[in-house]
Each structure stands twice: as C-alpha cells, then as structure tokens.
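For reference, the structure discussed in these notes is given below.
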Amino acid sequence: MSKYYALKLSSQVTKLCFAALAVLSMWIQPAQAATSINDIRMWTAPDHTRLVLDLSQSVQYDLFRLHNPERIVIDLKKTRMNAKVSKLKLPDPVLLSIRHGKQKGDTTRIVLDVKNGVSPRSFLLKKAKGKPHRLVIDLIPKEKKVVKSAQNKPKTKHDDIIIAIDAGHGGEDPGAIGPSKLYEKTVTLAIAKELEKLINAQPGMKAVLIRTGDYFVKLSSRVKKVRAKGADMMISIHADAVTQRHVKGASVYTLSESGATPDRVAAALAAKENASDLIGGVMPEQTIEDPFIRNILGDMAKRDGLDSSEMFANLILAQLTQGFPIKYNKPKHARFAVLTALEIPSVLVEVDYISNPKRERLLNTRTHQRGIAKAMFNATKTYFTRLGMLHTPTPITHTVHRGESLWSIAKKYGVSVSSILKLNGLKQQALKVGQRLRLPQS
Ligand SMILES: [Zn+2]
C-alpha cells in the first residue's frame, strides 16, 4: 500500500487495515523465514550412500541416532518440505526407508531407517557453481572391508599390469551437459566400462575402475585409490564443453611441471575439472588439502613419471587420430588434481566436445564409446609392449589345404582338436578348402 493512499483513508479504516495487516503478517512471517527443501537426491556408492537436500537458504539442523530399530533422525529448524521423498528408489544397501513430518516450531523431522551399524556424516554446502545451498548426509555401513594396500608390495614377474580407469565426475557432479542433456558423467562411465572389458580380455593386464556407478568420488580419493590398487597406469576419462557448438575433437593432458610456461586454455580446463569437489560435495574442511603441496616424490621419480605420461599421451593421440577428430595434436599440460599419482604414467583424455550436438549424439552410442575405448586400449598395449612388460604373441593362423582334416592340423601344430573348435567357434569338424583357422599357442 502506498503512503499516498494510506494518508487519504479515514483513521478508522486505517486502523482496521493495520490490524488486518498485523494478523496477516503473523501468518506469513513464519513461512517467510522458513527454509524450503526443494529437492532430494540419493547416490549409492560401494562404501556409502549419499543423500543431498537442496535448500532455499542455509539451515540449522540436529542429527542423532536411535537404536532398535536403527534410525538416523535429522531435525531441520524452520523448514518446509517441498521435495518429493517418494521418488527415491528404496531400499538401498544401507538406507531402508525414509519418512518426514512436522515437529513443534516449524521443524521438519526426517527419519532414515537404516541397516545395523550405519554411521552418519553430514555437512552443509554453500551455494556454488550453479548448485543451491545443500545439506549432505552420508550413510556409512559398519563393515567396510579393509582393502590391503598393494602399494608397497613389490611386483613379481607374473603379476598382471594394472590399469586404473577413472570415469570423470559422477553423482551430484554431472560434469559437462550436452544440448540434449547428455551428461559427461554418463559418457565417461560407459567408455570406462568398455575399456575395462578390453583390458580384462587381454592376458597379462587387469583393469580397475575408480568409479563403478553413478556416485561422486572426490579427487583426492581417486588418486588414493589408484595408489591403493597398485596401478601401473592411470587414464582419466572426460568430455569437454564450450559455448561454440561447432567445436569438436579429442585432446590429451598430462600434469604440468611447476615453473613450466602456463597454457591458459589448459589451465582453465584444469580449473573446471578441479571444481568437481565443489559440485560433488566434499566436507568443507577437506577441501583445504592441496594435492600439489602434499606430493612427496623426489625429483627423479617426478621427472620419470612426467616423461612416461608424455610418451603415453602421444600414443593415445596417435591411436585416436586414426578414427576420431583431434582438437590438439600434441599433449597439453596443466595442474589437474586427479593426475597427481606421479609415480605412474597418468593422463586425462577429453574424448570430445559434448557441447557439439553431432558429437553428443555419437558419444551416446555404444559403437562410438567402444571405438574410443579401443583406441585407448591399443595405446596401453603398445606402451607396455615397448617397455617389455607385455608380450603380445602374434596369432597363428592356418589356411586349410586339400586333403587336410582337423585331426591332421591339430597334430601338425601340437594342439588338441577341441581347442581348435573352441577358438574358432566351430560346432562341426568338416572343413572347407581355403578356410582360415586360428590356432591356440601350443
Ligand atoms: Zn570432466
């Protein structure tokens, strides 16, 4: 109501008006002060389940545990529930069900029914990178199998070569988003899984996925996992986005040395990728740790790590060039937090631009994902073959001549008939002249 009209009203009407306003404001005020919970999401990781509440503003809350049955209770002061809790896919390995209700004084109470021994960890995140204020509740199951660190175990000659595959982003952090809403986190995981299959089918090599599903892993935990698994190499998979939609092509990055001439484009990309922790949600006090300060490697080992990363990056580019557009035909360098396991060759591959509608469509197809994985796999194989760590015998083939039988061929190469049948996927023993057979290594 403007001052001008208010003055014109008779005093009685004015009094009435103010009285009405006062009553109205008593009704409105608590609602205005309330924080609303606008969305709720859940991400299931192998070692925890994360609940994220989107809030209209920061909130005061209490969290406590109740036993028999096991529950975790969260009281959010002056809060309204506007999120659809029923959309969560429950039960989950640790979270059985979720309820909420109103308590005295506009408190929203959320009750989580959890498995025995689940302990909670919670923290608030301020507005950042397009995400609203958030409350994060991690539910950690009791029996976490202690994975014995393979880091200090000396490798024996017969151990497999371990390749750590890091699918970028995940969970709360979608990474770049394509014009048709394809998420970078989805593409990186799909390529990682294709690469895993190829590596595990190769005798002498074994793949380890740093992320196996749609959940968030903070950058320092990724590096820790690479080390704990005793990996010999690390490939981090990403897809980039820019505002110019026509831009396309792959690029390969390694960690830059301190003191090297800074590459502004690469540095901007590293800053974007390093912001993953901010979006994915890391306890505020944990974001302080600087992976670059904490590196304890000696100069010699560092030099060696950087050289081998550079060599591997060049091999990947050489492979990708054969079937895919390339953005930069030389490896680029910047301070990527995920590449700080310097003792092994570590590279980050931006496979393409998800911001390009045509490339986005391709990145969403299995054939394309497999093709990119195959290029990375070939580079990996070449790298370890050159180092003499991997022996890839050339396959033996035999062309069937007139008068030959499976039995005579088997005898000639000193292998069994059944092994030839199996290797060639044959059901019957009849052969055709000119047929090419693959033969097992005797
Ligand atoms: Zn990324």
Side-chain angles (χ1 to χ4, degrees), residues 28-45 48-64 71-92 94-103 105-114 118 120-140 168-178 181-186 211 213-219 241 272 274-287:
I28 292 167
Q29 238 163 19
Q32 277 175 337
T35 304
S36 62
I37 304 169
N38 293 327
D39 195 15
I40 183 164
R41 292 176 295 280
M42 184 183 83
W43 311 103
T44 307
H48 72 276
T49 290
R50 170 164 288 191
L51 273 176
V52 183
L53 307 183
D54 278 357
L55 307 166
S56 60
Q57 58 190 24
S58 198
V59 77
Q60 270 195 317
Y61 73 98
D62 290 322
L63 184 147
F64 51 94
R71 280 152 295 161
I72 289 158
V73 181
I74 308 122
D75 280 345
L76 298 110
K77 310 258 160 66
K78 293 205 174 97
T79 300
R80 229 186 348 225
M81 175 63 85
N82 288 342
K84 220 174 164 192
V85 174
S86 58
K87 73 168 184 179
L88 300 178
K89 287 198 185 84
L90 292 170
D92 146 279
V94 292
L95 178 58
L96 305 173
S97 65
I98 174 168
R99 301 168 263 136
H100 66 92
K102 262 256 128 24
Q103 298 287 110
D106 273 323
T107 293
T108 295
R109 168 164 289 186
I110 300 177
V111 181
L112 310 174
D113 295 298
V114 293
V118 166
R121 169 178 65 196
S122 68
F123 51 95
L124 285 164
L125 292 171
K126 287 197 186 101
K127 236 183 190 171
K129 305 262 164 196
K131 290 267 186 183
H133 285 273
R134 287 169 289 167
L135 171 63
V136 179
I137 303 145
D138 285 342
L139 306 169
I140 303 147
H169 312 276
E172 272 290 281
D173 173 20
I177 302 173
K181 301 283 169 287
L182 177 66
Y183 289 165
E184 179 185 351
K185 66 173 181 180
T186 314
R211 172 166 81 83
D214 189 11
Y215 52 86
F216 179 71
V217 186
K218 63 174 176 168
L219 297 171
K272 204 159 69 176
N274 291 347
S276 177
D277 279 355
L278 226 59
I279 302 159
V282 172
M283 280 182 90
E285 58 268 35
Q286 290 181 333
T287 45

Handout entry: Donor-acceptor contact below 3.5 Å, side chain Arg211 vs main chain Lys185
Key = yes
Problem - Interatomic distance, Arg41 atom CZ to Asp214 atom CG [nearest 0.5 angstrom] - result: 11.5 Å
Problem - Closest contact, heavy atoms only, Leu219 versus Asn274 - result: CD1-O, 3.6 Å
Problem - Any side-chain heavy-atom pair of Lys78 and Gln57 under 4.5 Å - result: no
Exercise for the section: Classify the side-chain pair Thr79/Tyr61 by whether it contains a donor and acceptor separated by less than 3.5 Å. Expected result: no
Exercise for the section: Apply side-chain hydrogen bond (donor to acceptor under 3.5 Å, both in side chains) to Ser36 and list each qualifying residue two or more places apart in sequence or on a separate chain. Expected result: Asn38
Exercise for the section: Check whether any side-chain heavy atom of Thr44 sits under 4.5 Å from a side-chain heavy atom of Tyr215, and report yes or no. Expected result: no
Problem - Heavy-atom side-chain proximity of Ser276 to His169 below 4.5 angstrom - result: yes
Practice task
Using atom types as modelled and distance alone, determine if a side-chain donor or acceptor of Arg134 lies under 3.5 Å from a backbone N or O of Ile279.
Solution key: yes
Exercise for the section: Measure from the side-chain N and O atoms of Arg50 to the backbone N and O of Gly171, and report whether any donor-acceptor pair falls under 3.5 Å. Expected result: no
Practice task
Report the distance from atom CG of Leu63 to atom CG of Leu112, rounding to the nearest 0.5 Å.
Solution key: 8.0 Å
Problem - Between CG on residue Leu90 and CE on residue Met42, distance to nearest 0.5 Å - result: 5.0 Å
Exercise for the section: Would you check if there is a donor-acceptor pair between the side chains of Asp75 and Thr107 at a distance under 3.5 Å? Expected result: no
Practice task
Indicate yes or no: at least one non-hydrogen side-chain atom of Val85 is less than 4.5 angstrom from one of His100.
Solution key: yes
Handout entry: Derivation of the side chain to side chain contact (heavy atoms under 4.5 Å, CB included) call for Asp113 and Arg99
Key = CA-CA 8 Å; Asp113 295 298; Arg99 301 168 263 136; 2.9 Å; yes
Handout entry: Value rounded to 0.5 Å, distance of CG in Leu55 from CG in Asn82
Key = 11.0 Å
Handout entry: Nearest-0.5 Å distance, CD1 of residue Ile137 to CD1 of residue Ile40
Key = 7.0 Å
Practice task
State whether Asp54 and Lys131 are salt-bridged, where the test is any N-O pair (Lys NZ or Arg NE/NH1/NH2 against Asp/Glu carboxylate O) under 4.0 Å.
Solution key: no
Problem - 4.5 Å side-chain heavy-atom contact, Asp138 and Phe123 - result: yes
Exercise for the section: Check whether any side-chain heavy atom of Leu135 sits under 4.5 Å from a side-chain heavy atom of Ile74, and report yes or no. Expected result: yes
Practice task
Can you spot which of Asp62, Asp106, Thr108 makes a side-chain hydrogen bond (donor to acceptor under 3.5 Å, both in side chains) with Lys77?
Solution key: Asp62
Problem - Within 6.0 angstrom of Gln103 CD, more than 12 heavy atoms from elsewhere - result: yes
Practice task
Please examine the side chains of Leu88 and Leu51, heavy atoms only from C-beta on, and report whether any two atoms are closer than 4.5 Å.
Solution key: yes
Practice task
Would you mind reporting whether Val114 and Thr49 have side-chain heavy atoms less than 4.5 Å apart?
Solution key: no
Practice task
To the nearest 0.5 angstrom, please state how far the CG atom of Leu125 sits from the CG atom of Asp277.
Solution key: 10.5 Å
Exercise for the section: Flag yes if more than 12 heavy atoms outside Lys102 fall under 6.0 Å of its NZ atom; otherwise flag no. Expected result: yes
Handout entry: More than 12 heavy atoms from other groups under 6.0 Å of NZ on Lys87
Key = yes
